[in-house]
There are 2 protein chains.
Amino acid sequence: MDPRLDRDTSNCSIARTLEVVGEKWTILILREVWYGTSRFSDFERVLGCPRNLLAARLRMLVDEGILATETYKEPGSRSRPKYVITPKGMDLVPAVLGLLQWGDRYRADPEGPAVLARHRACGAHVDVQIRCEQGHAVQADDIESVPGPAFRMKPAG
Amino acid sequence: MDPRLDRDTSNCSIARTLEVVGEKWTILILREVWYGTSRFSDFERVLGCPRNLLAARLRMLVDEGILATETYKEPGSRSRPKYVITPKGMDLVPAVLGLLQWGDRYRADPEGPAVLARHRACGAHVDVQIRCEQGHAVQADDIESVPGPAFRMKPAG
DNA sequence: TTGCTGAGTATAGGAAAGTAAACTCAGAAG
DNA sequence: CTTCTGAGTTTACTTTCCTATACTCAGCAA
């Protein structure tokens, strides 16, 4: 019996990230924030997401420090809240760009993707790559996974 | 009114990828396949996932071409199916590694991550990076999103 | 022919999500 | 003082998803 099958998977970083961003609408909200949307009614309009879920997801993202609230003021209206991304939220961009990249390759319309991501400085298309600390480009099957400092086995057999 | 709020988001590559891997357990199944698990009962054991969902997710991943079935045979038992990852499935590794990386940074135990990913050739830790086609390393806020060939507006106003 | 095992299928109950509409609340406008 | 608006909250109902348990099925062994 492979002992890895009895490892404790409750502290897996993938699972823990999915606890935060794995619910429906969450990543799509982040996509919109990343595209520049910041107001409640604008999220509702572009996503078609129910208001109660939108409010719940935004609150959770703010609680987690992925979004932060600021205020904006239209002339003739009172101040209202808006949502902006934090550095912690920006650190999710590689993961989301990884999803975008896979969808572009395997699930795009025949004419191509709906959105292109490019480097502001040079205009070239961007993608995510796996690299090692030595700076080598790494293929997915050249990665090996080894137990880390928090590795442990399941409590009881 | 920002016209981007009336764009058609139904062909978004992020949303389309989430249609495939966005359900509960799917990414965790891929994590296990990636770690070397291949048998139905082993997925069940390590994930603690209900069997009917496991069967449904495995069938969907095979239908999508992300996993493929092969057979194995233990001495004294009949042939049984096992699940292996395809190249299309391996192309999800950057996205999953992005999730892992974020969890390692923000949600790991005090002593560190449970699993470390390293380059088989040199042993160095691997991570995902954003790069442009010119080869420049790109920060998340140096990315701009522009309409692609399949960009379109919502059908009716 | 009875039992064992791995790989599922079937079913029933509960939780979460989707849909829709009504309601609240604060402040600016009239 | 009433109305309007954006940003929610609340309630009610339906549908989908998740969980847990029971059951089936195909061979191999005794």
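Note that the structure is a prediction, hence the values are computed from the model and not measured. Only heavy atoms go into these numbers, but all of them, side chains included; no hydrogens, no water, no symmetry mates.
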For this session: Using a cut-off of strictly less than 4.0 Å, decide whether K24(B) has a side-chain nitrogen or oxygen near OP1 or OP2 of dT19(D).
Result: yes
For this session: Mind running side-chain contact (heavy atoms from CB on, under 4.5 Å) on Y106(A) and V20(B) for me, showing each step along the way?
Result: CA-CA 11 Å; Y106(A) 293 108; V20(B) 186; over 6 Å; no
Problem set entry | Under 3.5 Å: donor-acceptor pair, side chain of T17(A), backbone of S13(A) | yes
Exercise. Considering only heavy atoms and no angle criterion, is a donor-acceptor pair shorter than 3.5 Å present between the side chain of R78(A) and the base of dA28(C)?
Worked result: no
Seminar exercise, completed: From CD of E23(B) across to P of dT19(D) the rounded distance in Å is 12 Å
Exercise. Given dC17(D), is OP1 or OP2 found less than 4.0 Å from the side-chain N or O atoms of W25(B)?
Worked result: no
Exercise. Taking OP1 and OP2 of dG8(C), is either one under 4.0 Å from a side-chain nitrogen or oxygen of Y83(B)?
Worked result: yes
Exercise. What nucleotide, of dG6(D), dA22(D), dG8(D), holds the atom closest to the side chain of Y72(A)?
Worked result: dG6(D)
Seminar exercise, completed: From the list V33(A), I29(A), L61(A), T26(A), side-chain contact (heavy atoms from CB on, under 4.5 Å) with I66(A) holds only for L61(A)
Problem set entry | Gap between atoms CG and P, on L54(B) and dT21(D) respectively (whole Å) | 17 Å
Problem set entry | Sugar-phosphate only, base, or nothing, as touched by F43(A) at under 4.0 Å among non-hydrogen atoms | nothing
Problem set entry | Of R80(A) and N52(A), the one whose closest DNA chain D nucleotide lies more 5' | R80(A)
Exercise. F40(A) side chain: which of dA7(C), dT9(D), dG8(D) is closest?
Worked result: dG8(D)
Problem set entry | Whole-Å gap separating C1' (dA17(C)) and CZ (R51(A)) | 16 Å
Problem set entry | Nearest-angstrom distance from the residue atom CD1 of I29(A) to C1' of dA17(C) | 13 Å
Exercise. Do any side-chain nitrogens or oxygens of S41(B) fall under 4.0 Å of OP1 or OP2 in dG6(C)?
Worked result: no
Problem set entry | P81(B) vs L53(A), nearer the 5' end of DNA chain C by closest nucleotide | P81(B)
For this session: Please figure out whether S79(A) or P50(A) has its closest DNA chain C nucleotide nearer the 5' end.
Result: P50(A)
Problem set entry | Interatomic distance where CG belongs to L58(B) and P belongs to dA7(C) [whole Å] | 11 Å
Seminar exercise, completed: Contacts satisfying salt bridge (charged side-chain N to carboxylate O under 4.0 Å, His left out) that involve residues 95-117 of chain A (not counting sequence neighbours) are R105(A)-D91(B), R107(A)-E19(B), R107(A)-E64(B), D109(A)-R16(B), D109(A)-R152(B)
Problem set entry | D42(B) CG - dT5(C) P separation (whole Å) | 15 Å
Problem set entry | Interatomic distance where CZ belongs to R39(A) and C1' belongs to dT5(D) [whole Å] | 12 Å
Exercise. Got a salt bridge between R39(B) and E74(B), using NZ or NE/NH1/NH2 to carboxylate O under 4.0 Å?
Worked result: yes
For this session: Establish, with yes or no, whether the OP1 or OP2 oxygen of dA17(C) is under 4.0 angstrom from a side-chain nitrogen or oxygen of R57(A).
Result: yes
Exercise. Taking atom P of dT5(D) as reference, at what distance in whole Å does atom CZ of R45(A) sit?
Worked result: 14 Å
